[in-house]
Amino acid sequence: MNSIKMKLSILFALLIFTSDFALGQKVVTKKQIDSINNLQYDVKIANTSKSVQWFTENLSNAQKTKYPQGIADTYSNLGLVYYFQGKYDKNTNCMLNAIRLYDKLGLKSKLAHAYAEYGYQLKIRDMKMALRNMQKGIKLAESVSDDSQLGAIYDNYGVLKEMNKELDSALFFYNKSMAIKQKIKDNLGIPYSANKIALVKLMQKKPSEAKQLLDYAYQIRVKIKDVYGIAENLNYYGFYFKEIGNDKEAINYFNQAVAWSKKNNYPSLLEDNYKELSDVYARNSDFKKALLNYKNHVLYKDSIMNLDIRSKQAELDTEYQTEQKEKEILLQRAQIAEKNLWILGGFSLAMFAILIGLIFYNKQKQKTTQLQKENELKDALLKIETQNKLQEQRLRISRDLHDNIGAQLTFIISSIDNLKYGFKIEDEKLESKLNSISSFTKETIYELRDTIWAMNKDAINFEDLKTRISNFIENAKIASHGIDFQFVCHGDFEDAFFTSIEGMNIYRIIQESINNALKHANASKVSVNVRRENAGYEIEIIDNGAGFDSVNTISGNGLNNLKKRAKEINGEISVTSLKQKGTTVSLHLKTTKYAG
């Protein structure tokens, strides 16, 4: 049914286009020119050779009719068709002509579409230029709230983000596009968004979600007879099966995609399909077919990246940028001339006002400067006083903890030792209980010392924290014979600072994870790895102990304490474990900017 509608729409457009000639008239109307330019997207790219003939003739008629918008629309359509044919010099020339005309005519929605479309077409040739044009298109489309344009533009912008390995940004724009297309019921555009989201899901190791989205897109494209869309989806299916390890199905779909791409002349898709086939055959040690497909990949890639074509494109881009700058300079000159008239007209009045206000200004300035200095001095004194009070309070609290609670805990340990040596204790349970209380009290003293250490600092640099962790690991080595400990730091930590709360919680998480490995897992090797990354810090505590079923085990106090500590410092913690294979505790902490 959709195929019939498509054929009827083409026939209707061509009948309108040629009817006046049949009646002996020579002038083509604007309506006839628009009917060709407004052919559906899938019709334009289904047979690119025919489309070039239609739009070339349409351009000639629009120029004879002196119809500027028709000329611009035809240039835009020709640019699209030349892009799919891989004729990038002609593509660039047509798209820049369309942009110039839309800008001159003040057609913001169409200008937004042209900028964004050209940006997407540049993605393989010049990513920097592609992003620049795409961002111009987004800004224009958002300024006029054009949902029909934004749906496609957000989708294509997501592709550029994905190519730059910015997956979160890509997924954000794909979802924005999908929401708009579903809102306006854009059946042609919905599959593009669905497929792109599917590929990101596949990269995120969510194959079932990816397959559902691919099927959803493919069903729509088959239903509406979208020729290019079907070719693209066959390629995506091949990539999907390759990623999940089903090479037989991957080869089947890539070969189907090659056939569709050859039949309809899509060089970019052909280049990618041959590359993927080469990879799959190589993975299966079928090096003859791998080499054959790689040669085809290089052949099509060379045609796409042809140096002469890229040189011509760069020349056209430079000419357009120069033209835009010259236009901006002329506009600035006109604005400056207009401003000069106002300046000359108001110069005398301004001079008079300045002379009158000069004396008052100087007096007011002196007064303001004096008040400002006084306020700055007061603020500085207040800040110093506040900091001193806070430091005094910290010192007082830490001193009280050390002198009072520390002394009391020491007294408890001493009392227990006196009981053990002063009396003959024959009850093993009682002796075990006393030993347990003594050990618990000693651990409390150690924790108290760590807390006092953190309280006495406004900030903890990484070297302080590293020393603290190293001391703890050394003590653990002494207490636990035969266990291999490793503590490795990767990256530059010279400017790494933490707040006292962050430093304390990081130390506690490492301490508790090591204690768990020693007490409960019977590990023989414990590693602590700290990495400095652009986005923050990654800390891993890995042991080779008994492990546990992390999927079906209910979190106990130990795991809950780790999660609670991570949450207090806005960190993310994960615990992965397998029985008899060990446990890994991973803490991700975003970069802390400490203002010391």
Next on the checklist: When you compare the side chain of N529 with that of I539, does any pair of heavy atoms fall below 4.5 Å?
Outcome noted: no
Do R532 and E538 meet the salt-bridge criterion of a basic N to acidic O distance under 4.0 Å? no
- prompt: On the ring face of Y192, is R221 found with NZ or CZ under 6.0 Å from the centre and within 45° of the axis?
  reply: yes
Just wondering, more than 12 heavy atoms not from Q204 lying within 6.0 Å of its CD?
yes
For the residue pair Y274 and Y294, establish whether any side-chain heavy-atom pair is separated by less than 4.5 Å.
-> no
So OG of S586 and CD of E540: to nearest 0.5 Å the spacing works out to 4.0 Å
Smallest heavy-atom separation, T29 atom then Q32 atom, equals N-OE1, 2.8 Å
**Asked** Backbone N or O of Y120 within a donor-acceptor pair of the N156 side chain at under 3.5 Å?
**Response** no
For this session: Evaluate the side-chain proximity of R531 to Y537: yes if any heavy-atom separation is below 4.5 Å, no if none is.
Result: no
Please determine whether the number of non-hydrogen atoms from other residues, nucleotides or ligands lying under 6.0 Å from atom NZ of K289 exceeds 12.
no
(message) Check this for me, if you would: do K161 and E166 make a salt bridge, where the nitrogen-to-carboxylate-oxygen distance has to be below 4.0 angstrom?
(response) yes
List the steps, then state whether side-chain contact (heavy atoms from CB on, under 4.5 Å) holds for L277 with V258. CA-CA 10 Å; L277 278 168; V258 166; 4.1 Å; yes
- Task: Assess whether atom NZ of K123 is packed by more than 12 heavy atoms of other residues, nucleotides or ligands within 6.0 Å.
- Result: yes
| query | Between Y82 and K87, is there a cation-pi geometry (under 6.0 Å to ring centre, at most 45° from the normal)? | reply | no
Worksheet entry | Pairwise side-chain contact, N61 with I36, heavy-atom cut-off 4.5 Å (strictly under) | no
Distance col, row M95:CE vs L78:CG, nearest 0.5 angstrom, shows 10.5 Å
Residue set satisfying salt bridge (charged side-chain N to carboxylate O under 4.0 Å, His left out) with D279, at least two apart, ordered chain then number -> K242, K275
On a heavy-atom basis, the closest approach of L213 and A198 is CB-CB, 3.6 Å
Quiz item: Checking S76 side chain against A72 main chain: does a donor-acceptor pair fall under 3.5 Å?
Solution: no
is_close_aromatic(Y281, F287), centroid dist under 6.0 Å:
no
Next on the checklist: Before you tell me yes or no, could you show the steps for V575 and T584 under side-chain contact (heavy atoms from CB on, under 4.5 Å), namely the whole-Å CA-CA distance, both residues' side-chain angles and the distance that decides it to 0.1 Å?
Outcome noted: CA-CA 6 Å; V575 180; T584 299; over 6 Å; no
Closest non-hydrogen contact found for A290 with S278 is O-OG, 2.9 Å
Please check if any side-chain donor atom of E232 sits under 3.5 Å from a side-chain acceptor atom of Y236, or the reverse. yes
Can you tell if the side chain of D226 reaches within under 4.5 Å of the side chain of P191, non-hydrogen atoms only?
no
Taking every heavy atom of A257 against every heavy atom of L234, the minimum-distance pair comes out as CB-CB, 3.8 Å
**Study point:** Test item: N77 side-chain N/O and N37 main-chain N/O as donor-acceptor pair under 3.5 Å
**Key:** yes
**Asked** Does the side chain of R132 reach to within under 4.5 Å of the side chain of M129, using non-hydrogen atoms?
**Response** yes
Item checked: Criterion side chain to side chain donor-acceptor pair (under 3.5 Å) on Y157 and Q135, from CA distance to verdict -> CA-CA 8 Å; Y157 193 51; Q135 287 160 1; 3.1 Å; yes
Determine whether T583 and T576 make a side-chain contact, defined as any pair of heavy atoms from C-beta on separated by less than 4.5 Å.
no
All heavy atoms of K196 vs all of D155, minimum pair found to be CD-OD1, 3.4 Å
Check: Side chain of T48, backbone of V81: donor and acceptor closer than 3.5 Å?
Finding: no
- Message: Treating N91 as the side-chain partner and G79 as the backbone partner, does any N or O pair qualify as donor plus acceptor under 3.5 Å?
- Response: yes
When rounded to the nearest 0.5 Å, the distance separating OH of Y216 from CD1 of I220 is 4.0 Å
query: Are a donor atom and an acceptor atom from the side chains of K181 and S193 found within less than 3.5 Å of each other?
result: yes
Distance col, row L101:CG vs T74:OG1, nearest 0.5 angstrom, shows 10.0 Å
dist K288:NZ -> N293:CG (nearest 0.5 Å) comes out at 12.5 Å
**Request:** Check the pair L122, Y88 against side-chain contact (heavy atoms from CB on, under 4.5 Å), reporting the backbone distance first and the verdict last.
**Result:** CA-CA 9 Å; L122 284 168; Y88 296 116; over 6 Å; no
Test side-chain contact (heavy atoms from CB on, under 4.5 Å) on E142 and Y154 and set out the steps. CA-CA 11 Å; E142 288 178 342; Y154 285 146; 2.6 Å; yes
*Just checking, is any N or O donor in the side chain of N233 or Y253 under 3.5 Å from an acceptor N or O on the other one?*
no
- Message: Using only atom types and a distance under 3.5 Å, with no angle test, would you say the side chain of N284 pairs donor to acceptor with the backbone of V280?
- Response: yes
Margin query: Would the distance check show the side chain of N175 and the main-chain N or O of L171 forming a donor-acceptor pair, the cut-off being under 3.5 Å?
Written below: yes
Next on the checklist: Side chains of D215 and Q219 only: does a donor on one sit below 3.5 Å from an acceptor on the other?
Outcome noted: no
On a heavy-atom basis, the closest approach of G238 and F254 is C-CZ, 3.2 Å
task = Return yes if a side-chain donor-acceptor contact under 3.5 Å exists between Y174 and E162, otherwise no.
result = yes
Donor-acceptor pair, distance only, cut-off 3.5 Å: does the side chain of S143 make one with the backbone of L140? yes
Residues 182-195 vs salt bridge (charged side-chain N to carboxylate O under 4.0 Å, His left out), sequence neighbours excluded, gives D147-K183
Discussion item. Checking the side chain of S177 only, and the main-chain atoms of F173 only, is there a donor and an acceptor separated by less than 3.5 Å?
Written reply: no
- request: Show the numbers, then the answer: is there a side chain to side chain donor-acceptor pair (under 3.5 Å) between N235 and Y240?
  value: CA-CA 9 Å; N235 171 270; Y240 167 80; over 6 Å; no
Practice problem: Kindly say whether V28 contributes a backbone atom to a donor-acceptor pair with the side chain of T65 at under 3.5 angstrom? | Solution: yes
Is there side-chain contact between I99 and Y102, with heavy atoms separated by less than 4.5 Å?
no
key: Distance-only side-chain donor-acceptor flag, H588 / E572, under 3.5 Å   = no
In this structure, NZ of K262 is separated from CG of N265 (nearest 0.5 Å) by 12.0 Å
* Classify the side-chain pair Y266/E271 by whether it contains a donor and acceptor separated by less than 3.5 Å. => no
